[in-house]
Amino acid sequence: MKIPLAKPEILESDIEAVTAVLRSSRLSQGPMLQAFEETVANYLDVVHAVAVNSGTSALQLGLRALGIAEGDEIILPSFSFMAVTNAVLAAGAVPVFVDIASGSWNLDPAKIEELIGPRTKAIIVVHTFGFPAPADRIISLARHHGLFVIEDACEALGAELSGRKAGALGDIGILAFYPNKQITTGEGGALVTNSAAVAESVRCLRNQGRENSTQWLQHCEIGYSYRLSDLNCALGLGQLLRIESILERREALARCYQRYLAANEELQSYCEFSTGRISWFTYPVLLPSGVNRDEIWRELGQMGIETGRYFPPAHLQPVMHSVPFRSGDLSETLSVAQRVLCLPFFNELEERGIEFVCRSVNEALAVRYPAAKAG
Ligand SMILES: Cc1ncc(COP(=O)(O)O)c(C=O)c1O
C-alpha cells in the first residue's frame, strides 16, 4: 500500500467548472475571479477578499499595503513554513522570532511582549496546522503597542476562534490554496481584510501597480504580476462551496487517527479545542523525546507511507546566515521541530489506510524504542 502525505480532492464537477472557463475564453480577470473573491469574503465574513497567485504573494502584498519597509521589525514564529519568513525578508524587514507554546505549537503570547522594540511594526499570527492560535489575545497586545496583526491562516481555512473564522480577526488575513490544503486552486492564495484601502492597494499591486480606475495603463506603484487566473478560481470556487463537508470529513479522519493511536500514551497530538474549531490540515504527532524522528520517517517511507517533517525552524535555515534577525528563547521550537511527524492526511484517505499508518508507527516505535511504550 502506498499512502501519500497529501492529495487534492478533484471531483467531476471541478473538472467541468474548469473546462467551462476554458470554453468561455475568459481565462483571467473574468467572472470566476469575482465570484471566488466574493465567496471567500462571505465565508470568512469580511468585507474584501483579493485573490492572488500564492499565499506567499498575499503575504508580500499585505506587508507592502501596511507600509512595512526596510528595517522594520516583524514578530513571527520560527516554527512555521519558510514562506512567512521569506515574505518578511522580501520586504527588507527584520524577522523577530518568538517561541511556540507546548500543546498548540502556535506562537506563545506570553513571550511576545519582551520582543517588542521601537522598530516593531507587526505581528504575524500563524494558525499552524489549522489549530487556532490565540489571535484575540495577541490582537489586544498589538493594539496596546500600536502594531498591525497579520493572521496567516494558510493552513487553517475554516478554523474558528471566538466565534470568528481564522484570518478574519486581524488587520489582514492570508489564505493559501496549494494542492495539499483543505481546498485548492492548483496554486493560489488570497488576502482578506475589512480595510478598503488595504484591499485597493493589494488589487493595484497584484496587477503591475496599475490603478483600478478606468484610466488605461496608469501605474502608480511598483507592482507585480501576481494575478490568479479564472481557471484557478473556478476550481477554488467549486471546492469552497463544499467546504463544510470537507472540514467534516477531515474531522472524522482526525478522530479515526486518535482512536488508532490512543493506545500509544507517549504519542501526543492535539487535544480538543473547546472555544472554537480546528480545521485539520494534517495529522501531526509529537514523538517521545529520545526517539530519532528522522529514522521513523525513513522507515515509514520504505513501507510506502509518506510523512512530513514539518517544520525545520526558520531561524536555522542557511539563508538566515546572510540576513539580520532577532529572536527570544526558542527552546520549545527547537524541541518540537525535531520531534513532530505529520501523518498522511487527505479527504480520500480511508480507515484501512489510517489503520495501516498507525500500526506501522506503533510498531516502528515499539521495535526501536521499547521504552517509548508503543501500544
Ligand atoms: C503558514 C503558511 N504560510 C504561507 C504559505 C505560503 O503559501 P504558498 O505556498 O501558496 O505560497 C504556506 C504554504 O503552505 C503556509 O503553510
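Worth knowing before you read on, the calculation uses all heavy atoms, side chains too, and leaves out hydrogens, waters and symmetry mates.
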Is [Y] paired with [X] through a side-chain N to carboxylate O contact shorter than 4.0 Å?
| X | Y | answer |
| --- | --- | --- |
| Glu355 | Arg359 | yes |
| Asp45 | Lys165 | no |
| Glu348 | Lys7 | yes |
| Arg64 | Glu221 | yes |
| Asp230 | Arg26 | no |
| Lys181 | Glu155 | no |
| Arg137 | Glu113 | no |
| Arg250 | Glu9 | no |

Would the [X] and [Y] ring centres measure less than 6.0 Å apart?
| X | Y | value |
| --- | --- | --- |
| Phe177 | Phe36 | yes |
| Tyr224 | Tyr226 | yes |
| Phe129 | Phe311 | yes |

Checking salt bridge (Lys or Arg N to Asp or Glu O under 4.0 Å) for the pair Asp294/Arg339: CA distance, chi angles, key distance, verdict? CA-CA 9 Å; Asp294 292 356; Arg339 291 163 57 204; over 6 Å; no
Would you confirm whether [X], through its side chain, and [Y], through its main-chain N or O, come within 3.5 Å as a donor-acceptor pair?
| X | Y | value |
| --- | --- | --- |
| Asn194 | Val46 | no |
| Ser140 | Asp136 | yes |
| Thr282 | Cys342 | no |
| Gln239 | Ile183 | no |
| Asp99 | Glu332 | yes |
| Ser322 | Val319 | yes |
| Ser269 | Pro284 | yes |

Connected via hydrophobic side-chain network under 4.5 Å: [X] and [Y]:
| X | Y | result |
| --- | --- | --- |
| Ile100 | Val285 | yes |
| Val149 | Leu44 | no |
| Ile68 | Val50 | yes |

Keeping to residues at least two apart or across chains, list the side-chain hydrogen bond (donor to acceptor under 3.5 Å, both in side chains) pairs with something in residues 28-39.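 The answer is Gln34-Glu38, Glu37-Arg203, Glu37-Arg206.
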Could you go through Arg249 and Asn347, starting from their C-alpha distance and side-chain angles, then the distance that decides it, and tell me whether this counts as side chain to side chain donor-acceptor pair (under 3.5 Å)? CA-CA 6 Å; Arg249 170 78 191 140; Asn347 296 2; over 6 Å; no
Counting only heavy atoms not in [X], do more than 12 sit closer than 6.0 Å to its [atom1] atom?
| X | atom1 | value |
| --- | --- | --- |
| Glu248 | CD | yes |
| Glu114 | CD | yes |
| Glu299 | CD | yes |
| Phe148 | CZ | no |

If we count only N and O atoms by modelled type, under 3.5 Å, do the side chains of [X] and [Y] hold a donor and an acceptor together?
| X | Y | value |
| --- | --- | --- |
| His219 | Glu211 | no |
| His315 | Ser78 | yes |
| Gln182 | Ser279 | yes |

Can you tell me how far [atom2] of [Y] sits from [atom1] of [X], rounded to the nearest 0.5 angstrom?
| X | Y | atom1 | atom2 | value |
| --- | --- | --- | --- | --- |
| Leu61 | Asn53 | CG | CG | 8.5 Å |
| Ile116 | Ile75 | CD1 | CD1 | 5.0 Å |
| Leu59 | Phe81 | CG | CZ | 11.0 Å |
| Leu147 | Leu66 | CG | CG | 11.5 Å |
| Thr185 | Leu228 | OG1 | CG | 5.0 Å |
| Phe97 | Thr333 | CZ | OG1 | 10.0 Å |

Tell me whether the NZ or CZ atom of Arg309 lies within the 45° cone about the ring axis of Trp297 and under 6.0 Å from its centre. yes
Of all pairs that satisfy ring-ring contact (aromatic ring centres under 6.0 Å, His included), the ones with a partner from residues 338-357, not counting sequence neighbours: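 For residues 338-357, and leaving out neighbouring residues, there are no ring-ring contact (aromatic ring centres under 6.0 Å, His included) pairs at all.
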If you compare all heavy atoms of Ala234 against all heavy atoms of Val21, which two are closest, and at what distance to 0.1 Å? CB-CG2, 3.5 Å
